[in-house]
Amino acid sequence: QLQVAESGGGLVQPGGSLKLSCAASGFPVRYHAIGWFRQAPGKEREGISCITDNGEVTNYATSVKGRFTISRDNAKNTGYLQMNGLKTEDTAVYYCALVTLPEWYGSNCPLPAGPYTIWGQGTQVTVSS
């Protein structure tokens, strides 16, 4: 059974840090791009970062660039999102998702949620003083 589970969310003060994990089971992640998304109440789901299957290419939304860092450890079948300099507007449910991209996609990964096929249940991140 293909499963993905996020962890590491919680309550943090503005300016603080959290590191989210995305652990996969039932399949190897090494052939999958990993994306991180978030959805705040009343807002659409936003793609915030992605990383290619080999970890060589990363993309970030403007809203998190310079503060968040995506990474992966294929040996541990896990992806990560290090979040620094958190702001109240970062409060949301954070999701990770995976996709095996076709060769024609090249060495890149998509930020939109549409291509992703394997989703976790999400982890709540609340930034508040």
[X] side, atom [atom1]; [Y] side, atom [atom2] - distance, nearest 0.5 Å:
{"X": "I70", "Y": "Q82", "atom1": "CD1", "atom2": "CD", "result": "12.0 Å"}
{"X": "I48", "Y": "D90", "atom1": "CD1", "atom2": "CG", "result": "8.0 Å"}
{"X": "C50", "Y": "L101", "atom1": "SG", "atom2": "CG", "result": "8.5 Å"}
{"X": "T69", "Y": "M83", "atom1": "OG1", "atom2": "CE", "result": "11.0 Å"}
{"X": "Y105", "Y": "D53", "atom1": "OH", "atom2": "CG", "result": "12.5 Å"}

Closer than 3.5 angstrom, by distance alone: can the side chain of [X] be matched with the main-chain N or O of [Y] as a donor-acceptor pair?
{"X": "R45", "Y": "Y95", "answer": "no"}
{"X": "T100", "Y": "H32", "answer": "no"}
{"X": "N77", "Y": "F27", "answer": "yes"}
{"X": "R72", "Y": "T52", "answer": "yes"}
{"X": "N59", "Y": "N108", "answer": "no"}
{"X": "E6", "Y": "G122", "answer": "yes"}
{"X": "T78", "Y": "A23", "answer": "no"}

Could you state whether [X] and [Y] fall into the same hydrophobic cluster, counting links through intermediate Ile, Leu, Val, Met, Phe, Trp or Tyr residues with side-chain heavy atoms under 4.5 angstrom apart?
{"X": "Y80", "Y": "V93", "answer": "no"}
{"X": "V64", "Y": "I34", "answer": "yes"}
{"X": "L81", "Y": "V127", "answer": "yes"}
{"X": "Y94", "Y": "Y116", "answer": "no"}

Practice item. Would you please classify the geometry between the W119 ring and the F37 ring as parallel, tilted or perpendicular, with 30° and 60° separating the classes? Key: tilted
Could you tell me whether the side chain of [Y] reaches within less than 4.5 Å of the side chain of [X], counting heavy atoms only?
{"X": "N74", "Y": "P28", "value": "no"}
{"X": "V4", "Y": "C96", "value": "yes"}
{"X": "L98", "Y": "V29", "value": "yes"}
{"X": "T91", "Y": "Q124", "value": "yes"}
{"X": "S21", "Y": "T123", "value": "no"}

Least distance between heavy atoms, [X] atom then [Y] atom:
{"X": "L111", "Y": "A61", "answer": "CD1-N, 3.9 Å"}
{"X": "V57", "Y": "S107", "answer": "CG2-OG, 3.4 Å"}
{"X": "T88", "Y": "P14", "answer": "CG2-CG, 4.1 Å"}
{"X": "Q39", "Y": "K43", "answer": "NE2-O, 3.1 Å"}
{"X": "A40", "Y": "A92", "answer": "N-CB, 3.8 Å"}
{"X": "C109", "Y": "I51", "answer": "SG-N, 3.5 Å"}

With side chain to side chain donor-acceptor pair (under 3.5 Å) as the test, would you mind laying out the steps for E46 and S63 before giving the verdict? CA-CA 10 Å; E46 174 190 16; S63 57; 2.9 Å; yes
Worksheet item: So, W36 versus F68, ring centres under 6.0 angstrom or not?
Response: no
**Item:** Crowding at CD, E89 (>12 non-hydrogen neighbours, <6.0 Å)
**Value:** yes
**Request:** Please assess S17 against V12 for the test side chain to side chain contact (heavy atoms under 4.5 Å, CB included), listing each intermediate value before the final yes or no.
**Result:** CA-CA 7 Å; S17 298; V12 64; over 6 Å; no
